[in-house]
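Quick notes on the structure that follows.
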Amino acid sequence: MSFVYKSDPVRGRQWAEIFAREAPALAFRIWPDIGDPAQVRFLAAWEPPARLGELFPNLQVLFSSGAGVDQFDFAALPPGLPVVRMVEPGIIGGMVEYVSWAVLALHRDMLQYRRQQAQAQWKAAPVRPAGHCRVGVLGLGSLGRAALAQLRSFGFDCAGWSRSRHQVDGVQCFAGADELPAFLARTQILVCLLPLTDETRGFLDVALFAQLPRGAGLVQVGRGPQLVQADLLAALAQGWIADAVLDVTDPEPLPPDHPFWQHPNIWLTPHIASMTQPDTAARVVLDNLRRFEAGEEMVGRVDRARGY
Ligand code: GLV
């Protein structure tokens with residue numbers, strides 16, 4: 001019986017050490033050294049190989065090596081194959097750091113100070129307490145909830161929106177299309193942590209931006225195709241959005257002449273908001289294998305119809 005890892009091989013070797021220690025009976029193999037394909041029961045991959053079902057006829061679980069599963073073509077996967085996304089403390093911690101940094105940067109006018117520095121300008125804006133700033137997070141999965149807990153600790157006035165109803169301590173929760181306008185109307189800094197699905201493709205568009213209070217900030221840490229790029233440029237030009245921090249784009253990287261690169265009101269980072277951490281991730285996957293063998297629900301199990 002074997003477990004195949006098909007992602008960054010350097011990190012794969014760290015997984016291998018943990019598996020060797022904690023699950024010595026399970027052969028751990030790093031792609032392309034897959035051994036006997038009929039022995040492969042589990043696969044952790046960023047992008048699964050083509051014709052997965054034919055290649056690994058006895059595959060029992062597919063793990064995404066990242067938080068997202070939008071890179072999987074569900075139609076090409078064996079129909080009943082359980083798919084699990086990465087919910088692990090390392091990736092959550094990284095996202096909490098990035099979202100905190102970005103929200104604090106917007107709240108404390110850091111993009112403005114970057115522009116001023118480029119002009120050798122020394123000019124102070126008033127410092128407003130976090131409690132006067134209303135932050136809203138789109139997406140209340142494990143990443144969104146953890147980010148909100150940290151934002152709350154700074155004192156921000158926090159709300160969250162998700163498709164289905166959630167309850168998060170100290171956070172005003174909005175649900176569904178009906179409650180989206182009220183959520184947007186109160187949100188001065190909007191953080192997108194939605195998964196990419198057919199419903200969220202193009203979600204961040206001019207109609208949405210126009211419902212935010214004028215001069216809002218945007219933090220995009222979801223997926224590139226959720227943002228309508230021309231609409232962001234228009235919203236920035238009109239001042240609906242004052243500044244934006246973008247960690248994901250479409251495509252990645254953007255072409256060299258793309259207007260986002262040089263835009264004074266956009267701070268771009270190269271999809272580094274968070275990354276799976278091998279030591280914590282391997283342990284979460286091992287725990288999920290134990291759950292799978294015991295017939296228990298795996299953490300991060302994807303609803304394939306829903307897409308996340
Ligand atoms: C990164 O974007 C991931 O899905 O882990």
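Start at 1 and go down the list; that is how both ligands and their atoms are numbered. The first residue in the sequence is number 1, and the count goes up from there. Keep in mind that this is a model prediction, so the values were computed, not measured.
In this structure, the side chain of R29 does not engage the main chain of D36 through any donor-acceptor pair within 3.5 Å.
Applying the salt bridge (Lys or Arg N to Asp or Glu O under 4.0 Å) rule to R283 yields the partners E22; only residues at least two apart in sequence or on another chain are considered.
Listed by first and then second residue, the salt bridge (charged side-chain N to carboxylate O under 4.0 Å, His left out) pairs that reach into residues 52-64 are R51-E54, sequence neighbours excluded.
Membership of the apolar cluster around W31 extends to V4, I34, V40, L43, L52, L55, F56, L59, L62, V69, F72, F74, L77, L81, V83, V302, as traced through chained side-chain contacts below 4.5 Å between ILVMFWY residues.
Using a cut-off of 4.0 Å between Lys/Arg side-chain N and Asp/Glu carboxylate O, D8 and R13 are scored as not salt-bridged.
Ring geometry, F3 versus F19: the interplanar angle falls from 30° to 60°, so the pair is classed tilted.
Pocket lining of ligand 1, defined as residues with a non-hydrogen atom under 4.0 Å away: W46, G66, A67, G68, I91, R223, H271.
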